[in-house]
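Have a look at the structure below before the remarks.
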Amino acid sequence: MASEKVVETVIVGNYVEMETEGKPKDFKTKISQFFWHGGSAYDAWFSCASNQVAQVLLTLPYSFSQLGMLSGILFQLFYGLLGSWTAYLISVLYVEYRTRKEREKADFRNHVIQWFEVLDGLLGKHWRNVGLAFNCTFLLFGSVIQLIACASNIYYINDNLDKRTWTYIFGACCATTVFIPSFHNYRIWSFLGLVMTTYTAWYLTIASLLHGQVEGVKHSGPAKLVLYFTGATNILYTFGGHAVTVEIMHAMWKPQKFKAIYLLATLYVLTLTLPSASAVYWAFGDMLLNHSNAFALLPRSPFRDMAVVLMLIHQFITFGFACTPLYFVWEKAIGMHECKSMCKRAAARLPVVIPIWFLAIIFPFFGPINSAVGSLLVSFTVYIIPSLAYIFTFRSAAARENAVEQPPKFVGRWAGTYTINVFVVGWVLVVGFGFGGWASVTNFVHQIDTFGLFTKCYQCPPPSLPPPLLLNSTAAPPPLHPPHHHLHSP
């Protein structure tokens with residue numbers, strides 16, 4: 001019986017093959033499919049790994065300065081494992097929902113399944129509404145963060161324009177992602193994105209080690225409780241990038257293969273984040289507390305400029321990853337999701353970019369905004385809600401017996417899975433949302449008080465004074481003493 005259930009899910013997402021089956025393929029079609037149409041397990045791995053470690057790679061040294069070296073390493077390992085577990089839960093719930101719908105002869109040929117629809121199909125409209133609210137808000141701010149990161153990074157190559165002006169420019173550039181139909185079409189971008197982050201991570205590591213420790217370097221973290229939990233929630237955010245798991249699975253030809261993909265992607269990402277964050281923190285120590293972008297402290301060189309350019313391109317890709325599910329939600333809301341014309345869909349998607357652009361200009365706090373989003377949104381979107389949804393979906397004995405995917409033996413089957421889920425909910429609710437929310441919001445408010453909303457150039461160095469003008473020979477010499485101001489009584 002179990003094998004029959006698995007067979008039922010094998011063709012899930014096999015749209016490209018169904019549409020082109022039996023048709024002769026010319027050279028142009030083969031090239032297009034090679035670069036454009038991705039649906040294999042490798043494509044999913046590239047998508048997960050590339051999406052998981054975008055601009056946050058540059059803020060992890062900042063988190064290490066708040067946490068200290070040991071806590072920084074332990075939190076990365078811990079939240080990496082937690083994130084992989086909840087991504088597995090989401091994949092199980094997707095396959096369960098998809099199998100039930102296919103038994104009812106549902107056709108998803110021109111429809112992309114999303115997380116809120118999985119919750120709706122398995123648990124009802126109240127779960128759908130909560131999941132939709134958290135997921136959309138998280139992806140909205142995830143897109144905002146990518147836009148802020150673009151402006152923050154380009155400033156280290158060209159500071160002739162302030163960061164706010166760069167935000168205007170990159171907002172227009174990122175709006176072109178409306179022309180990418182779905183996650184099927186990110187094959188080459190995902191691959192290139194991972195190459196870019198790999199280069200940047202090892203640049204940060206090697207450049208910091210070659211630079212050596214700055215004179216009088218101090219490693220005082222953790223110094224304050226508020227900074228400690230702010231740093232921890234940034235790492236929670238780092239490994240909470242699986243809000244797009246369902247869309248990535250739906251783009252796969254065999255989604256049931258996704259189970260271990262996120263874990264494998266996380267293991268690779270750890271080989272990038274641990275060395276780079278540790279090396280930068282070792283070299284610069286407490287200086288990072290006032291420099292949330294690691295590029296700010298490394299001396300300018302062709303290698304640094306290359307890393308900045310690659311991260312800019314990667315942030316454009318990650319903007320598309322975060323925004324594409326929002327495009328789908330908007331299309332469904334206005335009835336354009338199944339439209340065959342990509343130009344009409346692209347035009348309909350444009351209003352989604354406008355609020356993202358606006359929010360990036362209001363809150364340009366690169367670094368602190370990651371922690372705020374992590375504690376208030378990521379904690380629920382990708383940790384608490386999937387764990388609770390799994391518990392309630394399989395709460396009855398009949399549901400557990402008929403489950404398409406049985407829990408693995410090494411975690412203790414159903415009892416072990418439920419125990420882990422309860423732990424995840426408790427930990428993230430108390431530490432991530434509770435302490436993390438308090439700390440990150442306190443820090444975020446401090447940034448607003450210090451720099452203000454709509455700040456023109458967040459954490460930019462003060463402008464250098466212009467050189468003094470040379471006096472010509474006919475000008476009167478300056479007075480030797482400042483003039484006296486006599487006060488007269490009225």
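The figures here come from the full heavy-atom set of this structure, side chains too, leaving out hydrogens, waters and symmetry mates.
- Partner of W427 under the ring pair (Phe, Tyr, Trp, His ring centres under 6.0 Å) criterion, chosen from F433, F435, W85, F78: F78.
- Judged by distance alone, with hydrogens and angles left aside, the side-chain atoms of S220 form no donor-acceptor pair with the main-chain N or O of A223 at under 3.5 Å.
- For K332, the NZ atom sits in a packed shell: over 12 heavy atoms of surrounding residues, nucleotides or ligands are nearer than 6.0 Å.
- Although no hydrogens or angles enter the test, the distance criterion places a donor-acceptor pair under 3.5 Å between the side chain of T86 and the main chain of V382.
- For T197 (side chain) and L194 (main-chain N/O), a donor-acceptor pair under 3.5 Å exists by modelled atom type.
- The backbone N or O of F295 sits less than 3.5 Å from a side-chain atom of R304, completing a donor-acceptor pair.
- The backbone N or O of D43 sits less than 3.5 Å from a side-chain atom of S40, completing a donor-acceptor pair.
- At least one donor-acceptor pair under 3.5 Å links the side chain of W330 to the backbone N or O of A348.
- No donor-acceptor pair under 3.5 Å is formed between the side chain of Q146 and the backbone N or O of S143.
- Side chain of S278 to backbone of P275: no donor-acceptor contact under 3.5 angstrom is found.
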Using residues 127-136 as the side-chain source, report each donor-acceptor pair under 3.5 Å to any protein atom, sequence neighbours left out, with the distance given to one decimal.
unit_1: N129; atom_1: ND2; unit_2: K125; atom_2: O; d: 3.3

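- Using cut-offs of 30° and 60° on the angle between ring planes, the pair Y203 and Y199 is parallel.
- Judged by distance alone, the side chains of S440 and T233 never bring a donor and an acceptor atom under 3.5 Å apart.
- In summary, the side chains of T59 and S292 do not present any donor paired with an acceptor at a separation below 3.5 Å, with no hydrogens or angles considered.
- Side-chain contact annotation: T245 with Y262, donor-acceptor N/O pair under 3.5 Å absent.
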Next on the checklist: As a quick check of understanding, evaluate side-chain contact (heavy atoms from CB on, under 4.5 Å) for T200 and M306, giving each step before the final call.
Outcome noted: CA-CA 8 Å; T200 303; M306 174 67 78; over 6 Å; no
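- Here the side chain of S71 pairs no donor or acceptor atom with the backbone of G68 at under 3.5 angstrom.
- Residue pairs meeting the salt bridge (Lys or Arg N to Asp or Glu O under 4.0 Å) criterion with at least one partner in residues 258-286, sequence neighbours excluded, are K259-E405.
- For the residue pair W115 / Y97, no side-chain donor-acceptor distance below 3.5 Å is found, with atom types taken as modelled.
- A distance-only check finds no donor-acceptor pair linking the side chain of H314 to the backbone of V53 [under 3.5 Å].
- For the residue pair T266 and Q52, the shortest heavy atom distance occurs at OG1-NE2, 3.4 Å.
- Between the side chains of Q76 and T273, at least one donor N or O lies within less than 3.5 Å of an accepting N or O.
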Atom pairs and distances, side-chain donor-acceptor, residues 204-215, under 3.5 Å, sequence neighbours left out:
unit_1: T205; atom_1: OG1; unit_2: A201; atom_2: O; d: 2.9
unit_1: T205; atom_1: OG1; unit_2: S276; atom_2: N; d: 3.2
unit_1: S208; atom_1: OG; unit_2: L204; atom_2: O; d: 2.7
unit_1: Q213; atom_1: NE2; unit_2: W282; atom_2: O; d: 3.0

